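Only one structure is covered here, and it is reproduced in the block below.
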Amino acid sequence: IASWNGMISGYVKNRMIKDARKIFDVMPERNVVSWTSMVRGYVQEGGMSEAESLFRQMPEKNVVSWTVMLGGLIQDGRIDDARRLFDEMPEKDVVARTNMISGYCQLGRLAEARQLFDEMPRRNAISWTTMISGYSQNLQVDVARKLFEVMPEKNEVSWTAMLTGYTHCGRMEEASDLFKRMPEKSLTACNVMILGFGQIGKVFEARQVFDWMREKDDGSWSAMIKGYERNGFELEALDMFASMQRARVRANFPALISILTICASLAVLNHGREIHAEVIKSQFDSDVFVASALITMYVKCGNLLRARMVFDRFTMKDVVMWNSMITGYAQHGFGEGALQVFREMHSSGMMPDDVTFVGVLSACSYTGRIKEGMEFFESMSSVYMIKPT
RNA sequence: CCACCAGAAAUACGUUCGG
């Protein structure tokens, strides 16, 4: 039975939920782990209705099963449902409580988070870190710091969470002090420092940290590149990218996005195309986020044909990708193209959002279609329930 | 009792305009 479960978990980890389900249906007998893995699979796919119905059918549940379901609700933004489930749990361990706390923190409901935290019979490093990072992300650095000071066993992640609190507020002096005191300066912590310095325009300090690091990952490179780009050092940014390739660091997907964004804002087509090749090599071309960034890059470089090719090749389009294409045409004065894409979007059944209409309406105004524009404007609230902003 | 069969924490992430 353990090996059957192993197969399920393998499929789930590779996002092959359908195959996981096949195994689940075929296996001679199932235990809690089988059920829980399956629920987990649906949760990570965002298939909450399947997850919930499976969860309800479970012959027996343990803490882990409950926690998986709890995590699903939290991830889905249904925090109050999550809380109800939490209250129903027959037993709650550290993990379950920490998960609930994290859910509140994500929504900025710190008081509720804190209360759960204070009521915990036992805490571990993760619970502490969760609470600290909750305060950090909601700009309550000083409260975070107080907790941090009394926290018993700090690990790398706790230090970094605290550090982020300062960098997000631009309080770099305090961040630097903390950074100096860190027993182990992890990669992530260094990246945080680079980003922090970049945010307040201190690119040289950022570069110092970057040069001091003895190992860097793609995040370090893209943090540095971003710092240059944001502060008007575009050429340095591109230079960094070249060096990164020379160092044979393979850009991963967020890094690619931020580099593509730079190419887009600088409208440097040849670099952009190199990166496109890179994207295809790394197989990120099947990612919606990357594809949208590519489209925008081509649009900004004035190459609408290529943009359109990327667009057409992609089957699982989401709103943002549609928007990229529509506004792309609109920006270049191709009102007809924009409207055509909008019609395609409509017939594909995708719901437009407010950004879509920015594109559509500006397309109308460029081409002097006052009447059509007015009609679209009307339909926003009447058909699509979007309020004009 | 132990070996990754299931659960929680840190940085970076796409579209318009603005900032």
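Below, read A as the first sequence line, B as the second, and so on, with proteins coming before strands; counting in each chain starts at 1. Here the structure is a predicted model, which is why all the values come from computation and not from measurement.
A ring-centre distance under 6.0 Å is found for A/Phe117 and A/Trp128. Residues A/Trp66 and A/Phe86 place their aromatic rings such that the two centres sit no closer than 6.0 Å.
Closest to the side chain of A/Ser292, out of B/rG14, B/rC5, B/rA9, is B/rG14. Among the nucleotides B/rA10, B/rA6, B/rA9, the one closest to any side-chain atom of A/Asn155 is B/rA9. Nearest nucleotide to the side chain of A/Arg40, out of B/rA9, B/rA6, B/rC13: B/rA6. In this structure, of B/rG7, B/rA9, B/rA12, it is B/rA12 that holds the atom nearest to the side chain of A/His168. Distances were taken from every side-chain heavy atom of A/Val320 (C-beta onward) to each of B/rG7, B/rA9, B/rU15; the shortest belongs to B/rU15. In this structure, the nucleotide among B/rA9, B/rU15, B/rG7 sitting nearest to the side chain of A/Val157 is B/rA9. In this structure, the nucleotide among B/rC5, B/rA12, B/rA10 sitting nearest to the side chain of A/Thr164 is B/rA10. Residue A/Ser186 has its side chain nearest to B/rA10 when only B/rA6, B/rA8, B/rA10 are considered. Comparing B/rU15, B/rG7, B/rA10 by their closest approach to the side chain of A/Gln137 singles out B/rA10.
Between the CZ atom of A/Arg83 and the CD1 atom of A/Ile74 there is a distance of 10.5 Å, given to the nearest 0.5 Å.
In this structure A/His346 satisfies the side-chain hydrogen bond (donor to acceptor under 3.5 Å, both in side chains) test together with A/Tyr384, sequence neighbours excluded. Scored by the side-chain contact (heavy atoms from CB on, under 4.5 Å) test, A/Thr356 finds A/Val319, A/Asn323, A/Ile326, A/Phe342, A/Met345, A/Pro352, A/Asp353, A/Val360 as partners (sequence neighbours excluded). For the side-chain contact (heavy atoms from CB on, under 4.5 Å) test, residues two or more places apart in sequence or in another chain that qualify with A/Ala206 are A/Ile194, A/Phe197, A/Met224. A/Phe334 is linked by a ring pair (Phe, Tyr, Trp, His ring centres under 6.0 Å) to nothing, counting only residues two or more places apart in sequence or in another chain. Residues passing the side-chain contact (heavy atoms from CB on, under 4.5 Å) test with A/Asp142, sequence neighbours excluded: A/Arg171. Partners of A/Ser324 according to the side-chain contact (heavy atoms from CB on, under 4.5 Å) rule, which considers only residues two or more places apart in sequence or in another chain, are A/Ser292, A/Ile295, A/Thr296, A/Val320.
Judged by distance alone, with hydrogens and angles left aside, A/Asn5 brings no side-chain donor or acceptor close enough to the base of B/rA6 to form a pair under 3.5 Å.
Within residues 61-86 of chain A, the residues approaching RNA chain B are A/Asn62, A/Val64, A/Thr67, A/Val68, by heavy-atom distance under 4.0 Å. Of the residues in residues 45-60 of chain A, none has a non-hydrogen atom less than 4.0 angstrom from any atom of RNA chain B. Residues of residues 191-201 of chain A having a heavy atom closer than 4.0 Å to RNA chain B, listed by number: A/Asn191, A/Val192, A/Leu195.
A/Lys92 has its NZ atom 16 Å from the C1' atom of B/rA8, to the nearest Å. Rounded to whole angstrom, the span from the CH2 atom of A/Trp322 across to the C1' atom of B/rU15 amounts to 14 Å. Rounding to whole angstrom units, CZ of residue A/Phe311 and P of B/rG14 are separated by 19 Å. A/Ile8 has its CD1 atom 13 Å from the P atom of B/rG7, to the nearest Å. The nearest whole Å value for the distance from the CG atom in A/Leu147 to the C1' atom in B/rA10 is 16 Å. Counting to the nearest Å, the C1' atom of B/rA10 and the CD1 atom of A/Ile126 are 11 Å from each other. Remark: C1' of B/rU15 and CE of A/Met321 are 10 Å apart, rounded to the nearest angstrom. Going from atom CH2 of A/Trp4 over to atom P of B/rA6 covers 18 Å, rounded to whole Å.
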Produce the list of close N/O pairs, under 3.5 Å, pairing protein atoms with atoms of nucleotides 16-19 of chain B; give distances to one decimal.
residue : atom : partner  : partner atom : Å
B/rU16  : OP1  : A/Lys300 : NZ           : 2.9

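With respect to the salt-bridge test (charged N to carboxylate O, under 4.0 angstrom), the residues A/Glu173 and A/Lys202 do not qualify. Using a cut-off of 4.0 Å between Lys/Arg side-chain N and Asp/Glu carboxylate O, A/Arg308 and A/Glu344 are scored as salt-bridged. Salt bridge status for A/Arg84 with A/Asp81: present, with a side-chain N to carboxylate O gap under 4.0 Å.
For residues 105-120 of chain A, the side chain to side chain donor-acceptor pair (under 3.5 Å) pairs, not counting sequence neighbours, are A/Asp80-A/Arg109, A/Ser102-A/Gln106, A/Arg109-A/Glu112, A/Arg114-A/Asp118, A/Arg114-A/Tyr135, A/Gln115-A/Glu119. Sorted by first then second residue, the side chain to side chain donor-acceptor pair (under 3.5 Å) pairs that include residues 44-54 of chain A, not counting sequence neighbours, are A/Glu52-A/Arg78.
Annotation: side chain of A/Trp212 is not in contact with side chain of A/Cys190 (no heavy-atom distance under 4.5 Å).
Going from the C1' atom of B/rA10 to that of B/rG14 covers 23 Å, rounded to whole Å. If you take atom P in B/rC2 and the same atom in B/rA6, they sit 15 Å apart, rounded to whole Å. Remark: the separation of the C1' atoms in B/rU15 and B/rU11 is 24 Å, to the nearest Å.
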Step by step, would you call A/Trp159 with A/Thr129 a side-chain contact (heavy atoms from CB on, under 4.5 Å)?
CA-CA 9 Å; A/Trp159 281 88; A/Thr129 307; over 6 Å; no
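Between A/Lys13 and the phosphate of B/rC5, there is no side-chain N or O to OP1/OP2 separation shorter than 4.0 Å.
Counting any heavy atom pair closer than 4.0 Å across all strands shown, A/Thr129 reaches a base atom. As judged by a 4.0 angstrom heavy-atom cut-off over every strand, A/Asn31 is placed among residues making no nucleic acid contact.
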